[in-house]
Amino acid sequence: MGEVGEVGEVGHPGRGRVREAVREGVRAYLMIAGMWVRSTMAYRASFVMTTFGSFATTFFDFVGIMLMFSRVDALGGWSLPEVAFLYGLSGTSFGLADLVIGSMERLGRRVRDGTLDTLLVRPAPVLAQVAADQFALRRLGRVVQGLLVLGWSVARLDVDWTPLKLLLMPVMLVSGCGIFCAVFVAGAAFQFLAQDASEVQNAFTYGGGALLQYPPTVFARELVRGVTFVLPLAFVNWLPATYVLGRPYPLALPEWVAFAPPLVAVACCALAGLAWRAGLRSYRSTGS
Amino acid sequence: MGAGRLYAAVAAGGFRRYATYRAATAAGVFTNTVFGLILVSTYRALWDERPHLGGWDQTQVVTYVWLGQAFLSTLAIGGGGVENELMDRIRTGDVAIDLYRPVDLQLWWLATDLGRAFFQLLGRGVVPFVFGAVCFPVYLPTDAGTWVAFFVAVLLAMLVGFGIRYLVALSAFWLLDGMGVTQMAWLAGFFCSGMLLPLNVFPGALGEVVRALPWSALLQAPAQILLGHADPLGTYAFQGAWAVALLGAGRLVQSAATRRVVVQGG
Amino acid sequence: MAKTAETADGSLAEGFIALQDVAKVFEVRRKTGFLKRERREVRAVDGLSFTVARGEMVGYIGPNGAGKSTTIKMLTGILTPSAGRLRVAGIDPSRERRRLAHRIGVVFGQRTTLWWDLPLIDSYRLAHRMYRIPDARYRENLDRCVELLELQALLDVPVRQLSLGQRMRGDIAAALLHDPEVLYLDEPTIGLDVVSKAKVRGFLRELNAERSTTVLLTTHDLQDIEQLCSRVMVIDQGRLMYDGPLAGLHEAGESERTLVVDLERELPPVVVPSARVVRVEGPRQWLAFPAGQSAAPLVARLAAEYPLVDLSVREPDIEAVIAKMYAEKAVS
């Protein structure tokens, strides 16, 4: 959401200013998104169909995994319910982020056709305006699909549920959504520099989502290290899910990392906010 | 002769047009490479559990992954070829102008799409494939004959791919909202072509069915020739039959659509 | 906040819009070879200074690429100036973009600020809330715009289905709902038909007269300036070439209007004072006379002395006037 408002309009943003920008951003976001929802609801049949379409296209992702498991019993040592658990967590987190902020990937186009300027003359943070533009409730299809797979896996898993593990579930989903949101914002910030390169963003958003559907044991150590320490996608589901499932940690990490996702998400969002600020500043000084 | 030169020029135009998007091409190469890395890892895990699944060894499935990334945009497996532009022209009514041109509508778009496909093969296909071949143990045939046979199959795959997408585009004459059709085409393209999972790994009757559908002519057919698992002539016959059937169907639908435009006084 | 209010008072004295030695430098990278790139500095705006008083209506003209849009973008806070001091209503636009947004209205002729896929009324409803316009004020302003710009039938139409003229009217209304003190118009009549142009101009004149809204408009159309602006500024290559009344511009550029006369038959070039024949084609002749001078006495004289069938007056075009001005400056 507008966690990272368009701060830094002024050289030295005070704390009050940041808070004010965030509040204004959330307000503008809700107003614009609300307008899109109302207009979508005018065509209810079309909404139902496209939501189902979004559900079906993501569902086939999972069909691919089920087909793999029709030929084997385990992948990288993980069973189908365990992989489905990862899939459900990653799918739901990514789906939520895509629902909330997925329109960010259109930033490059807005820079190219000059419509970004029209957002800059409105009294609302640009980030909130770009994120809320074309808000599409049909993207809920992906969230629902992720939740269904997650529910199915939880029913099939043999886990000793403790209060801590139960609490970790919603924390994981919200933090994961935050981490993916940061990736979307950082990707959009990159598009200030390279307007035609919106597909690079797909490598990290959709690519990241796809990566996390499979167990970490499947991937090379360097890759796992990269998505733990550099682009910390591992905190979306791999590390906390490892704790919930009681499996050995990848990279021999300490147990507490399973509870780090909220901190990681906040840090990622702050960094993405800085990247956005730098991108917007460069746009406003070069005009392209 | 004159017509041949015309369509060659159209194809060259298609090639050049896509060649202008350099940053987008570089971005696409990067994305294809990342997805290739993810898929290679998961497939290798799969083949670790079941060596010789679908008759392939590890090196062969790795080759298949990078081939898939190379062909994704070349054959516009999930869409994204010239059909989007054609759909726009149909929806805006501009297609009426095309119909009065002294050129054949289908051949015109086929030529443009072939130009696009050749550019995507060179611009977006080669780099991920070379990256994969350098970084992973891959299976590559050493005799020139297999490579020639493979490239013939790629050409036929381009025809089949266009045949499918041309039909998708023509649906815009009847359907106002192309979103549903495009979504279905994307889904069928990914699932039935083997982008999601190689078709020789599909179990039982489902495998039999998908391997008979036209989408298996896109990625699976050339891949099996390259990996030495298919007889080229039989593969060509399969691809050729689908190309003829789809392009013929496209022609029939096109004439029905043309009549419709003319009747509406377009 | 209090500090900025003080500067606001101070800057009112120097003009509602005030620019002092403002410059905008872009770095352009051009491909010169396969991998070679050449860096070049482009001074889009180069040491620009002017002030505009509250309630003025000023035309801002110049050839393409002269720096008009760059100036507007700096005045709205979209672009940050590279150098110089710039204030609008006492606010530094690039530093306090969002605070300024409440006080200005912007219309870009080439691209809309309306929400493209949604009905026109949705853009207005959103502006109502985004700008926090009091309900009564919003309703009053909307009613007024709808009436004067004839928008009633268009309110429920998605913006993308509007014609260019309809969209422009819709854009102007959107820019005015929050009672801006300044209105920037970037080519507001470009591509409009005669009727739409007249409607837009009439509306702007009334707005300026009744609410003393300050208006700065860029245009290629001299008639926009003639019918709306008491003052015109000419910019070329990022520098101010002229600032004064329109008539003075013609004098400064020594521009000439052209009188095209159709005579009954082919005649030798006509002879009248203060005009000279520049072209003859059969019974049609072209007479040039100073743009600052009235055509009436000339026409009366011609009608009295020659067999006149028809005549028309052609205005000098802005590009020609500026080109001439620039050439003279270069010589002197």
Side-chain angles (χ1 to χ4, degrees), chain A residues 43 45-46 49-50 52-54 56-78 83 108 138 141 190-191 193-220 222-224 226-227, chain B residues 20-51 53-54 73 78 80 124 135-136 176-177 179-192 194-204 206-207 210:
Chain A
Y43 306 94
S46 169
M49 271 170 57
T50 51
F52 178 76
S54 151
T57 44
T58 44
F59 180 69
F60 267 76
D61 253 4
F62 190 63
V63 170
I65 292 177
M66 293 205 299
L67 284 177
M68 284 187 183
F69 276 92
S70 74
R71 313 302 297 264
V72 294
D73 296 324
L75 203 61
W78 293 50
V83 172
R138 65 162 183 278
F190 177 67
Q191 291 183 44
L193 305 177
Q195 291 112 49
D196 295 327
S198 66
E199 224 182 309
V200 167
Q201 184 162 354
N202 292 349
F204 294 105
T205 51
Y206 289 90
L211 176 87
L212 298 179
Q213 291 168 6
Y214 298 97
T217 45
V218 159
F219 298 99
E222 299 79 45
L223 190 65
V224 178
V227 296
Chain B
T20 54
Y21 304 114
R22 283 173 196 228
T25 304
V29 165
F30 177 75
T31 307
N32 286 143
T33 309
V34 169
F35 272 92
L37 279 173
I38 296 171
L39 280 177
V40 160
S41 307
T42 57
Y43 287 177
R44 283 169 104 188
L46 191 59
W47 261 259
D48 275 341
E49 299 282 338
R50 280 281 296 269
L53 184 61
S73 54
R124 283 190 62 166
C135 298
F136 295 91
L176 275 175
D177 182 21
M179 186 109 163
V181 182
T182 318
Q183 228 169 25
M184 289 303 294
W186 183 87
L187 206 73
F190 260 74
F191 190 75
C192 304
M195 281 306 294
L196 213 54
L197 197 66
L199 299 184
N200 49 330
V201 177
F202 276 52
L206 180 63
V210 289

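Below, read A as the first sequence line, B as the second, and so on, with proteins coming before strands; counting in each chain starts at 1. What's counted below: heavy atoms across the whole structure, side chains too, no hydrogens, waters or symmetry copies.
- With a threshold of 4.5 angstrom between heavy atoms, B/Tyr43 approaches chain A through side-chain atoms but not through N, CA, C or O.
- Nearest heavy atom pair, residue A/Arg71 against residue B/Arg50, reads O-NH1, 2.6 Å.
- For the set A/Gly64, A/Ser70, A/Gly53, the entry with the most heavy-atom pairs within less than 4.5 Å of chain B is A/Gly53.
- Using a 30° and 60° split on the angle between ring planes, B/Phe191 and A/Phe60 fall in the perpendicular class, above 60°.
- Within the 4.5 angstrom heavy-atom criterion, only side-chain atoms of B/Leu53, from C-beta onward, approach chain A.
- Heavy atoms of B/Leu39 lying under 4.5 Å from chain A are absent altogether.
- Considering only heavy-atom pairs separated by less than 4.5 Å from chain A, the leading option among B/Pro203, B/Ala26, B/Gly204, B/Ser41 is B/Ser41.
- In this structure, CD on A/Gln213 lies 10.0 Å from OG1 on B/Thr42, to the nearest 0.5 angstrom.
- Heavy atoms only, all atoms of each residue included: B/Val34 and A/Ala203 are closest at CG1-O, 3.8 Å.
- The backbone N or O of A/Asn202 sits nowhere less than 3.5 Å from a side-chain atom of B/Thr31 that would complete a donor-acceptor pair.
- Nearest heavy-atom pair, A/Val72 versus B/Glu49, reported as atom, atom and distance to 0.1 Å: CG1-CB, 3.6 Å.
- In terms of non-hydrogen atom pairs under 4.5 Å with chain A, the most contact-rich of B/Leu37, B/Leu46, B/Asp48, B/Val29 is B/Leu46.
- Summarising the geometry of A/Gly207 relative to B/Ile38, their closest heavy-atom pair is O-CD1, 3.2 Å, with the distance given to 0.1 Å.
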(request) Determine, stepwise, if the pair A/Ile65 / B/Leu197 fulfils side chain to side chain contact (heavy atoms under 4.5 Å, CB included). (result) CA-CA 9 Å; A/Ile65 292 177; B/Leu197 197 66; over 6 Å; no
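- In this structure the side chain of A/Leu67 reaches within 4.5 angstrom of the side chain of B/Leu206, judged on heavy atoms.
- Taking the six-membered ring where the residue is Trp, the centroids of B/Phe30 and A/Phe204 are separated by under 6.0 Å.
- For A/Tyr214, the part sitting under 4.5 Å from any heavy atom of chain B is the side chain, from C-beta outward, and nothing else.
- Using a 4.5 Å cut-off between heavy atoms, A/Thr57 contacts chain B through both its backbone and its side chain.
- For B/Phe202, the parts lying under 4.5 angstrom from a heavy atom of chain A are both the backbone and the side chain.
- For A/Phe69, the CZ atom is densely surrounded, since the number of other residues' heavy atoms within 6.0 Å is greater than 12.
- The distance from atom CG of B/Leu196 to atom CZ of A/Phe62, rounded to the nearest 0.5 Å, is 12.0 Å.
- Contact record, A/Val218 with B/Ala45: CG2-CB, 3.7 Å, taken as the closest heavy-atom pair.
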